[in-house]
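Lettering of chains follows the sequences in order, A, B, ..., and the numbering in each one begins at 1. Every heavy atom of this structure was used, including side-chain atoms; hydrogens, water molecules and symmetry mates were not.
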Amino acid sequence: MPDTHDLLTVSYEYRHEYGHLRAFFDGLAEGRAVGSHCDRRWFPPRRLCNGCDKTTIDTELSPVGCIEFVTITPDPDCQDVKAVALARFGTACNLATVTVRAAAGAVVGQRLRLSPAENPVSHPGEHLNAQ
Amino acid sequence: MPEASILGGAVRPFGRCQDGTTPRDWARDVVRDALKNAGIGRNDLDSVVVAVESDHLMLQLSPGALLADEVGCYGVSLHRVEAGGASGAAGVASAVAQVKAGLANAVLVLGVEHAASHLRGRDVAGLYGLSFDADIEGFAGFLPIHHYALSMQLFMAEFNITPQDLDEVVVRNRRNALANPWAHRPADLTAGEVAATDMISTPYRRAHCSPLSDGAAAIVIASDQWAPRQNRRRVRISGTASANDRVRLGDRASPGRFLAKRTAFAKACAMAGITNGARSFQAVEVYDAFAGAELQALEALGLHGDVSFRQALDEGRLYGDGAVGVNLSGGLIGQGAAPGATGIAQILFLERLMSGRVEAPGQQTRTAPDRTMADAHGGVGTVCFSHILEGE
């Protein structure tokens, strides 16, 4: 059987058009929370509200959120600790999955703020950081 | 409406395949053995359903056509199905639907996954990360374990589940796998040994995670009216149903609960005419991609009955003597996880149990069960399938 390591490299190094998510991603790069709203507010945005069935429009929410659930992921290779949290931003009715910096202290109830991108990255989803 | 029964099947033992064979070899082997076990030939098949979760893992786009060709099936109705970790279960659901609709007398379901041995582990994990919301979560680097761990944090808080409860799931399932010749990771562990493994993402330690497995399985579903008689007990699939939920946990009203699983199970029970709930089953195979997912599944199925889930655990209603047998195959944690094949292997294990061809581990005095169910899902309880099996 051939060693596919030499034949194929799975790469995420591509970008694509984001459609209705463009404002969300552009906002993330600047540390802003661009979601959507109908009668409810959504962050991340949903174009179709699964409550009232209406098409939502973009809206900006507070970039300050609060951790509702968190998982801590030690990384033995770099002696670092990463945390991934479900956090509520502003008055959103849903929760966003975010990477939390200063993870060792990440706890439920902790307030956090979306942080602007520090470096260009391959995909703007990687801006989904908070501190 | 015709009844749909299991005519036969075969499983290639799950594991990390390093013997030089490929999914094409596994497919030929399991189809040959499944047809032999069913007592029919290729020409008897009206339809073939191929279940593969990921073209990216297999490095083969349109695997349905290739695998049908590889196993020598031509001129049949051919479908490829995908439902994440429940892909194999989705294949069985498709077969049952075809038989009950009168579109086919005999359907072969072939499930294959090449997940463990030919790509780098981090690439496989990254690809699986894209099986959630790729744009918003997958490309941000969130992996399946992050989603499962977050969901479990909520479940643990809501139902007062402890890390020790998770350790005990692993001990039971890996021990159950000792009696299963198809199993990837049979072992006799102590709870202390499980608790001593590396923390991956709280609350999950390494031993709480099911392995990525290579594997293949095939099953023949046939109409009762057409199927030849066999010298073993016939097992009918009396209920089959699926239901889905929002992909992102954060968009769900209860991120810790598998509500779609509850819906799928209720629909399958309704189809089978079962009104007395989960505790009327003698054995269930549930989708324990991670140890806590087993507990989340049992809660969704209502196996705790009319007491709280915590009370049911403490009183041995879920795992004690006389309780419904849970993951007697070893589950994904013990038997392994090859998504295209997993749902098929779950059902074939139960069919063998019900026809007296395997014994439940540690329960040799128990008679072969009459009613069982298999549960599988893709995502984090996102796309859920329930199959109810009843013996003649």
message = Is it the case that the ring center of B:Y287 lies less than 6.0 angstrom away from the ring center of B:F258?
response = no
Cut-off 4.5 Å, heavy atoms of chain A, and the answer for B:R246 is side chain
List the atom pairs, with distances to 0.1 Å, where a side-chain N or O of residues 139-146 of chain B and a protein N or O form a donor-acceptor pair under 3.5 Å, not counting sequence neighbours.
from   : atom 1 : to     : atom 2 : distance (Å)
B:H146 : ND1    : B:L143 : N      : 2.9

Honestly, the part of A:V70 sitting under 4.5 Å from a heavy atom of chain B is backbone
Whatever's closer than 4.5 Å to a heavy atom in chain A on B:I200 counts as backbone
**Asked** Is there a donor-acceptor contact under 3.5 Å linking the side chains of B:D167 and B:H208?
**Response** yes
Honestly, the part of A:L21 sitting under 4.5 Å from a heavy atom of chain B is side chain
The interface call for A:A85 against chain B, heavy-atom contacts under 4.5 Å, is backbone
Sorted by chain and number, sequence neighbours left out, side-chain contact (heavy atoms from CB on, under 4.5 Å) with B:S308 holds for B:R310, B:Q311
Tested for salt bridge (charged side-chain N to carboxylate O under 4.0 Å, His left out) against A:D58, the lone hit among A:R41, A:R22, A:R47, A:R32 is A:R47
